[in-house]
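Structure first, commentary second.
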Amino acid sequence: MRATPRSIAVALSAARALNPNVALSFAAVAKDKGLKFTGVVTIGGNDYTVANPNGKEKTFTAVDDMVKVLASHVPVASGDYDIKVKTGTLLLKAIPVDMVKAATAEIARLTTIKTGQTAVKTELEAQLALMAGWENGNPLQVQRKAAVEAQKSVVVDDIAAIDAEILVQQGIAGAGV
């Protein structure tokens with residue numbers, strides 16, 4: 001059923017005593033590449049599609065926009081929100097006509113990204129070299145070194161993912177030879 005944020009707030013206030021959890025879900029508006037979403041609030045098994053005061057479905061450009069709209073009408077806006085976002089096929093890339101040409105271009109694009117990520121990794125390694133012994137330093141040093149190590153780990157994983165995707169694309173490009 002369609003309901004305004006005020007109406008949803010009334011339902012939420014009544015249900016909060018029984019079940020403080022609220023589920024929010026978003027569905028991408030079909031054919032809108034700008035990613036506008038309709039919002040649905042599920043309270044006690046009832047689905048409420050968020051509507052404007054004029055009764056038309058309200059659209060949102062970001063999840064936090066919907067949370068803010070709802071929070072502005074609920075006396076106690078704190079809590080946990082389970083959020084689901086449904087985009088369907090809206091974000092799928094078009095399948096290229098020339099798969100080999102597309103794979104070759106993707107290899108070049110990924111190689112450029114990998115070069116940048118490798119430079120980031122080198123910079124992080126240089127920072128870590130300067131932090132020798134910080135794991136036993138004051139709490140701020142320990143925290144900063146751990147943060148840089150975590151950052152480096154993410155970059156190393158990203159480089160590995162890039163390498164894996166390059167292998168896939170090389171298989172496609174090589175198949176066309």
Side-chain angles (χ1 to χ4, degrees), residues 19-30 32-42 50 59-71 74 76-177:
N19 180 3
N21 294 322
V22 176
L24 308 179
S25 61
F26 298 85
V29 176
D32 186 342
K33 296 279 185 179
L35 274 185
K36 289 186 181 176
F37 297 92
T38 57
V40 175
V41 180
T42 303
V50 181
T59 58
F60 302 92
T61 56
V63 172
D64 58 338
D65 292 341
M66 181 172 156
V67 173
K68 287 175 188 174
V69 165
L70 295 174
V74 179
V76 180
S78 63
D80 295 330
Y81 299 94
D82 292 326
I83 298 174
K84 294 180 182 173
V85 179
K86 302 172 189 172
T87 60
T89 60
L90 185 64
L91 300 178
L92 292 178
K93 288 190 214 177
I95 298 174
V97 176
D98 186 339
M99 297 285 289
V100 173
K101 183 177 177 182
T104 302
E106 185 67 3
I107 291 167
R109 186 183 79 79
L110 289 169
T111 300
T112 301
I113 294 169
K114 180 180 175 182
T115 300
Q117 286 295 73
T118 302
V120 170
K121 178 182 156 223
T122 301
E123 173 59 30
L124 293 170
E125 287 170 343
Q127 286 182 37
L128 287 169
L130 297 172
M131 295 177 182
W134 280 25
E135 62 277 2
N136 299 316
N138 70 47
L140 292 177
Q141 289 174 321
V142 171
Q143 182 182 23
R144 176 68 179 138
K145 185 172 183 180
V148 173
E149 287 172 337
Q151 189 179 353
K152 180 186 168 202
S153 176
V154 170
V155 172
V156 168
D157 288 348
D158 191 46
I159 291 170
I162 291 168
D163 285 339
E165 184 59 24
I166 287 173
L167 284 174
V168 169
Q169 296 301 322
Q170 285 172 337
I172 295 169
V177 177

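Keep in mind it's a predicted model, so treat the numbers as computed, not measured. FYI, the numbering just counts along the sequence from 1.
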Run the side-chain donor-acceptor check on residues 119-126: report pairs under 3.5 Å with partners two or more places apart or on a different chain.
{"residue": "T122", "atom": "OG1", "partner": "T118", "partner atom": "O", "Å": "2.9"}
{"residue": "E123", "atom": "OE2", "partner": "Q127", "partner atom": "NE2", "Å": "3.4"}

Show every donor-acceptor pair shorter than 3.5 Å between a side-chain atom in residues 128-139 and any protein atom, with sequence neighbours excluded, or say none if there are none.
{"residue": "E135", "atom": "OE1", "partner": "K145", "partner atom": "NZ", "Å": "2.5"}
{"residue": "N138", "atom": "OD1", "partner": "L140", "partner atom": "N", "Å": "2.9"}
{"residue": "N138", "atom": "OD1", "partner": "Q141", "partner atom": "N", "Å": "2.9"}

Show the atom names and distances, to 0.1 Å, of all donor-acceptor pairs under 3.5 Å that link a side chain in residues 159-168 to residues at least two apart or in another chain.
{"residue": "D163", "atom": "OD1", "partner": "K114", "partner atom": "NZ", "Å": "2.7"}
{"residue": "E165", "atom": "OE2", "partner": "Q169", "partner atom": "NE2", "Å": "2.7"}

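When all heavy atoms of I107 and A173 are compared, the pair lying nearest together is CD1-CB, 4.2 Å. Nearest heavy atoms, K101 versus D98: N-OD1, 3.0 Å.
Residues passing the salt bridge (charged side-chain N to carboxylate O under 4.0 Å, His left out) test with R109, sequence neighbours excluded: E106. With sequence neighbours excluded, the residues satisfying side-chain hydrogen bond (donor to acceptor under 3.5 Å, both in side chains) with T61 are D65. Under the rule for a side chain to side chain contact (heavy atoms under 4.5 Å, CB included), the partners of D157 that lie at least two apart in sequence or sit in another chain are S153.
By the 6.0 Å contact criterion, CD on Q143 is open, its count of non-hydrogen atoms from other residues, nucleotides or ligands being 12 or less.
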